[in-house]
Number of protein chains: 2
Amino acid sequence: MVRAARHYYVDDMSKMQTADALGVSRFKVARLLEGARELGIVTITVDDAGVPVPELADALAAHLGLSRAVVVEAHGAQAEVRHEVGAAAAALLGSTLRQGEVLGLAWGRTLTGMSHSMPPLPRVDVVQLTGALGTDLEASPVEVVRRVALRSGGSAQPIFAPLVLDDPRTADALRRQTDVAGALRMFDHLTTAVVAVGSWDPPNSQLLTALSQEDRQAMHEAGVRAEVAAILVSDTGEVVSPEFARRCISIGVDQLRRTPRIVAAAAGADKARAVTAIARAGLCTELVTDRALAEAVLSLDGVDPAVAERGTA
Amino acid sequence: MVRAARHYYVDDMSKMQTADALGVSRFKVARLLEGARELGIVTITVDDAGVPVPELADALAAHLGLSRAVVVEAHGAQAEVRHEVGAAAAALLGSTLRQGEVLGLAWGRTLTGMSHSMPPLPRVDVVQLTGALGTDLEASPVEVVRRVALRSGGSAQPIFAPLVLDDPRTADALRRQTDVAGALRMFDHLTTAVVAVGSWDPPNSQLLTALSQEDRQAMHEAGVRAEVAAILVSDTGEVVSPEFARRCISIGVDQLRRTPRIVAAAAGADKARAVTAIARAGLCTELVTDRALAEAVLSLDGVDPAVAERGTA
DNA sequence: TTCTGCTCTGCTCATATGAGCGACGCTGCG
DNA sequence: CGCAGCGTCGCTCATATGAGCAGAGCAGAA
C-alpha cells in the first residue's frame, strides 16, 4: 500500500505504471490506493491559507482609497494569521522593490513574521523607523531590520534605542546621538515604508504594553483609535497626542506622510476600525491583510463584502 | 482553485462533476487542480507511520519464541516512535481483550502514549502493577490506569505509592496498607499484563532516574541489561538483584511469569538487547515494537531482517 | 492601425480508469 | 468429503482523463 501510494501520489505515476512497477494488476493498485486513503496512510489536505483574494483586495483598495491592497486567506490562531499576512507582505515587497530604494521598517509581530518569510531582495538600504520595545530579541525592530537587510545585501541602519522614553528631554538627547541621528536623517529619503497597524480600541497593539495606566487613560480620552510607528490616530483620521511623539524615538507624522509608498500590514478582524483610521489619516498607500479583516473593514460602513467578491478561483 | 480542489479531493467528485459544479470546462478544472498542487494549496502526504509490518512481526515472534508480535512503521523523534508503538499496543488490546479479564498495567512513556490512543474496551478490571515515579501527573501510572479504565467502564485499582523506597522496611509497611494490599492481591488473578521495556545498557529507562549513583553502579556490575515493571534482567535472561525488588512496590517476578498473557511494548532500536533479555527471561508473551527495533533485535544474532521481510504491501 | 508573440481556452483522439460481474480459492461446517 | 459463505482477483465495457493542437483574445511594438 505504502509503495503504491508513493508511486502514484509522490512520483505522479499512472495507476498502470504503478501496477507494472509493483508487478500487480492495475485493479489491485486501485484498491490498494483506496485502502491507503481509508487507513490514513495517504492524507490529502486542501489548505487555502496564504491564497490571495483579488476581488476583496480590489474592493478594499477602492473603499479606502489606496493604490493597492493584498488580501490573503488565513485561518486558525492569531499567530498563524499574522504569519500569513507577514508572508504576503514579504512576497509583495519581493516583487515590487527596486534596486536602490530606501526601505523603512517599523515593527510588530506581523513584521517579525514578514522578516522570516522574506524572499531574496534587490539591493536596498534598510532603515529602522522606530526604537525598540520590550526585551524579546527575536521580535525586536533591530532584528527585523537585520533579517531584511540580510536578504537584500544592502546597508542596514538600526536604531539601538527605546521606542518610548519617560520624558521629551531624554528623547531629545537620544536623538542627538550620532548613530541615532544618522538613522533619523534617512527618514527624509525613504522611498518605501512598511508599518504594522496597532489597534487601541479594541486594544490590540504591542505599544500598549509599554505605557503607564495614566498614559493609556489620557490617550483613550483623547480618542485614540489606531497606531502606526507610534503615531496615534483618531477615528476621523486625525493625529492626536503630539506631545507623546516627542517622547518617542520614531519617524514623525510628516516624514511618514511624505514617503511615496507606505505599506501597512494588519492581521485580525478586530483591527478593522484601526485600519480605516490609518487610511483616513493618509498614513498608508498600500495594505496587506487577511480575509477576515478585509471583510470587517468593508462591512464597517455598510458595504457588503459579498458583493465585492464573486467567483473565488 | 480552492473550490475545485475541495470538490475534487475532499468530496471525491470526478473532474467532470467538478467542472459542472463550477460552471467551467473539465479541462480548466484539470489545470486548476494542477496549479493548486504546484502552489501548495493541495498537499498530498504519504505517511506510513503506524502501518503494521506483518513479515517482520512473524520473524520476530519466531525469533524470540513469542506467541505474537506486532511491528509498526515509525519515523522521527523518539517521542513519535513511542506514540506509534503505544497506539499499536492500544489497538492490539482493543481487538484482543475479552470481557471480564483482569488487566495489569505497568508504566512508562510508551504506555502513557498507549493510554491516550486506547479505543473503547470491553468491561475489564484494570490494576496498576507498579508504584509511581517522578512527579509528572500526566505520565504517572495512576493516570495510565485511570485513562484505560475510563475506556473500559470496569473497575480501576490504582496504587498511590512510590515505586522505589529507600529501604525494604518502608516498602513492607506500605505493602500492608489496605489500599495497596488490595491491588497487590489482584496480581495473582491477572489475565493480561502490559509492560514497558526499559534498557539499562545502553541506558534508556525512566527507572534509572530514580536511583542513586551507588544503586546504578551495583546493578551495572551485577550485569543488569533490561527492566520491566522494576524487575531487573541480565543478558542471559536471569533476574538479578532480588534485594532491589524488596524495596519496590511492584509486581513480583513469579506473579508476572504466572500471568497467562504479558504484552511488552518497546520503542527505539537501542532497546534491542533489552527486549531480547526480557524475552529470554520469559517476561513477555507478546511484543509491540517499531520497525527499527524489530530489525535491530533480528540482526543482533546475525539474523538478516531483509530475509524475513519480503513484499511489504 | 497592423503585426507579433503570448497566454488562455476548449477541442479531438488515444489512453487510463472505475463499476459491476463472474471465477477462484480459502475456511468452517455438516 | 462436499458444500455454502465469504473475500479477493482480474476481466469487460462504458466512461473519464490527459497530451497535444488550433483558435481566440490581448498587450506591446512598429
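The sequence lines fix the lettering, A, B, ..., with proteins before strands; numbering per chain opens at 1. All values reported here derive from a predicted model rather than from experimental measurement.
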Worksheet item: In whole angstroms, how far is the P atom of C:dA19 from the CG atom of B:D12?
Response: 10 Å
Worksheet item: Are any non-hydrogen side-chain atoms of B:E286 and B:S67 less than 4.5 angstrom apart?
Response: yes
Discussion item. How many whole angstroms separate atom CE of B:M16 from atom P of C:dT17?
Written reply: 16 Å
Practice prompt. Nearest whole angstrom, please: distance from the C1' of C:dT15 to the CZ of A:R26.
Written response: 10 Å
Worksheet item: What's the NZ-C1' distance between B:K28 and D:dA19, to the nearest Å?
Response: 18 Å
Worksheet item: Going from OG1 on B:T289 to CD on B:E295, what distance comes out if it is rounded to the nearest 0.5 angstrom?
Response: 9.5 Å
Worksheet entry | Rounded distance (nearest 0.5 Å) linking atom NE2 of A:H189 with atom OG1 of A:T191 | 11.5 Å
Item to complete: Rounded to the nearest angstrom, tell me the gap between atom NZ in B:K15 and atom P in D:dG18.
Response: 3 Å
Worksheet entry | Side chain of A:S14 (C-beta onward), nearest among D:dG10, C:dA16, D:dA19 | C:dA16
Please tabulate, one pair per line, each protein N/O and nucleotide N/O from nucleotides 23-28 of chain C that are separated by under 3.5 Å, including the distance.
none

Worksheet entry | Close side-chain approach of B:L93 to B:M114, heavy-atom, < 4.5 Å | yes
Worksheet item: In whole Å, what is the span from the CZ atom of B:R31 to the P atom of D:dC21?
Response: 13 Å
Practice prompt. Mind calculating the distance between CG (B:D20) and P (D:dT17) to the nearest angstrom?
Written response: 11 Å
Practice prompt. With the side chain counted from C-beta on, respond yes when A:R37 and A:I44 share a heavy-atom pair under 4.5 Å apart, and no when they do not.
Written response: yes
Practice prompt. Please determine which of B:V263, B:V148, B:V127 meets the side-chain contact (heavy atoms from CB on, under 4.5 Å) test together with B:L103.
Written response: B:V148
Worksheet item: Roughly how many Å is it from CE in B:M1 to C1' in C:dC8, rounded to a whole number?
Response: 13 Å
